[in-house]
2 protein chains.
Amino acid sequence: MGILVVLSHFRSFSQLYQPMELVEYLSKIPLFNGLPKEQLVDLAQITVTLDRDKGQVIFSEGDEGTGFYLVLQGRIKVYKLSPGGKEQTLHIFGSGEPFGEVPVFAGKHFPANAEALEKSKVLFFPRASLIKLIEKNPSLALNMLAILARRLREFTVQIEHLSLKEVPSRLAAYLLYLSDREGGSLEVKLDITKGQLASLLGTIPETLSRIFARMNKQGIIEINGPHIKILSRPALEELVEFGSGL
Amino acid sequence: MGILVVLSHFRSFSQLYQPMELVEYLSKIPLFNGLPKEQLVDLAQITVTLDRDKGQVIFSEGDEGTGFYLVLQGRIKVYKLSPGGKEQTLHIFGSGEPFGEVPVFAGKHFPANAEALEKSKVLFFPRASLIKLIEKNPSLALNMLAILARRLREFTVQIEHLSLKEVPSRLAAYLLYLSDREGGSLEVKLDITKGQLASLLGTIPETLSRIFARMNKQGIIEINGPHIKILSRPALEELVEFGSGL
DNA sequence: GCGGTTCATTGATTTAAGTCAAATACCTTA
DNA sequence: TAAGGTATTTGACTTAAATCAATGAACCGC
């Protein structure tokens, strides 16, 4: 499996950016804030660009992790799979976000799977050179620590939701999150399919669909395909706080 | 709330170890592997030892985090609370383990609560001096990255369990974990109450009790209070893999 | 514009697990 | 050792959500 993955890196190698363009791009990524330009140049040289079509795998649970990744274009879903085939999405990463760092620092195999939700380009950073860089650059170390810490915080919330809240609460929280992300707009658009949203919320499409329908009927929201109008923000907030009532 | 916490640090200040003893102790903690001795001495000087009785709080969700902690003696439970009062334990930390690092690197408030499961002593490390130390010591940075990465991996498993596995699977996994921790012994002893175990597995005591009873009746395990004899390891492994059948 | 695939919705049913309530065992300490 | 609290177990019941099944809608490539 490990060999397969490595081969696939080279099979799909493509120099998306001219070296300097890539350096320019990397310099704007929070993770590399504060890195001296010459090190960015070095870094850019040892990366490999991978192209993935919708549905293609980046890595699978159990694969050996020889480095980590950064999304250049598209979106990458990181998820766990049950024997029965149910998926739990852990995170959906977009442009500029690093993922797959865990095996770089602890253990060596990936704890989850990653695949492209759409045609995507990702950058691969080999482990050894990253470690060397971190040893020389405290700011890089701190940036990486910040990223892992932020992710721990998010997982904390996900665990809380799965264990302590019902699906309507989780959906309400997600809608409020979307709304906040758009500066508080009351009209939001789902940028993932409802099936993917179900997986992100730890449920299945049927259940999600029913809950959308209930919220719609109760006048809390109004749905048109992926377009959702929030009619009562307070109702959503109350749902997040005290689950039931729906 | 923030002020209260800070005050309480000093209220319970106690110099458990003589400075050199403490340095000695710290030098054996994985987190500080590779730190030069003189920096351990500096570090030891700026720590504060806190005493907590069983049930006492170390920090609460939302508190401002001005540093992180290390368990010296006893055990610390880190958990989330639902409005209805149900608890989800995220982790139980024992001697030598650091906890509460998230706000040091990302955000500033704690994402969860921490309290002592028994009479405990914990060491507090102020944020600023830790950051300074990390900036000077790549090995400390990498150790810290390893710890956060390991914890991410664990959370990943917890999310998987909560979303994709039934309670019997989770219990089976926990029993196997205990067994492995004791070098594969088939007789294990719960070192937490069954109520705490329920919270760790994301369920409630009643449910856990019933499942214990079922496994007992089916001859998979044999229970005597906190002592559990594993009669069929394969049965447990199968439960982990494919939930049902119980 | 058509056929096919993927996505979404709805209904009927099952099921795991939570709730409420009460009895029992356990354990500490006065 | 007895009393009071905590932890555990068991029973009857409720419920949220999963499963199974089928239909309908949207979207894509040809």
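Letters A, B, ... are given to chains in the order of the sequence lines, protein chains preceding strands, and every chain is numbered from 1.
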All N/O contacts under 3.5 Å from nucleotides 24-28 of chain C to the protein, with atom names and distances to one decimal?
none

Legend entry - Whether Phe110(A) and Tyr69(A) hold their rings parallel, tilted or perpendicular, with breakpoints at 30° and 60°: tilted

Inset, instruction - Between Ile223(A) and Arg170(B), name the one whose nearest nucleotide on DNA chain C is closer to the 5' end. - result: Ile223(A)

Inset, instruction - Select one nucleotide: of dA16(D), dT9(D), dT19(D), the one nearest the side-chain heavy atoms of Glu206(B). - result: dT9(D)

Inset, instruction - Give the rounded distance in Å between these two atoms: CG of Leu162(A) and P of dA17(D). - result: 11 Å

Inset, instruction - Applying side-chain hydrogen bond (donor to acceptor under 3.5 Å, both in side chains), name anything that partners Lys119(A), two or more places apart in sequence or on another chain. - result: Asp53(A)

Legend entry - Spacing between Leu117(B) atom CG and dA7(D) atom C1', to the nearest angstrom: 15 Å

Legend entry - Residues which pass ring pair (Phe, Tyr, Trp, His ring centres under 6.0 Å) with Phe212(A), listed by chain and number, not counting sequence neighbours: none

Inset, instruction - Specify the residue among Thr207(A) and Thr203(B) whose closest nucleotide of DNA chain C lies further upstream toward the 5′ end. - result: Thr207(A)

Legend entry - Interatomic distance where CD1 belongs to Ile211(A) and P belongs to dT15(D) [whole Å]: 16 Å

Legend entry - Whole-Å gap separating P (dA16(D)) and CG (Leu164(A)): 16 Å

Inset, instruction - Can you tell me the distance, in whole Å, between the CG atom of Leu208(A) and the C1' atom of dC7(C)? - result: 12 Å

Inset, instruction - Would you please name every residue forming a side-chain hydrogen bond (donor to acceptor under 3.5 Å, both in side chains) with Tyr174(A), sequence neighbours left out? - result: none

Legend entry - Side-chain donor/acceptor of Arg214(B) to base of dT9(D), under 3.5 Å: no

Legend entry - Note, Leu81(B) side chain near Leu164(A) side chain (heavy atom, < 4.5 Å): no

Inset, instruction - For DNA chain C, find the residues of residues 187-202 of chain A with a heavy-atom distance under 4.0 Å and give them by number; none if there aren't any. - result: Thr193(A), Lys194(A), Gly195(A)

Legend entry - Under the side-chain hydrogen bond (donor to acceptor under 3.5 Å, both in side chains) test, residues paired with Arg151(B) that sit two or more places apart: Glu101(B)

Inset, instruction - Please report, rounded to the nearest Å, how far the P atom of dA16(D) is from the CD1 atom of Ile204(A). - result: 15 Å

Legend entry - Nearest non-hydrogen partners of Glu154(A) and His91(A), listed with the distance: OE1-CE1, 2.9 Å

Inset, instruction - Give the minimum heavy-atom separation between Tyr25(A) and Val71(A), together with the two atoms involved. - result: OH-O, 3.6 Å

Legend entry - Side chains of Ile211(B) and Arg214(B) in contact at under 4.5 Å (non-hydrogen atoms): yes

Inset, instruction - Starting at atom CZ of Phe212(A), determine the distance to atom C1' of dA17(D), rounded to an integer number of angstrom. - result: 16 Å

Legend entry - Rounded interatomic separation in angstrom, taking CZ from Arg210(A) and P from dA17(D): 12 Å

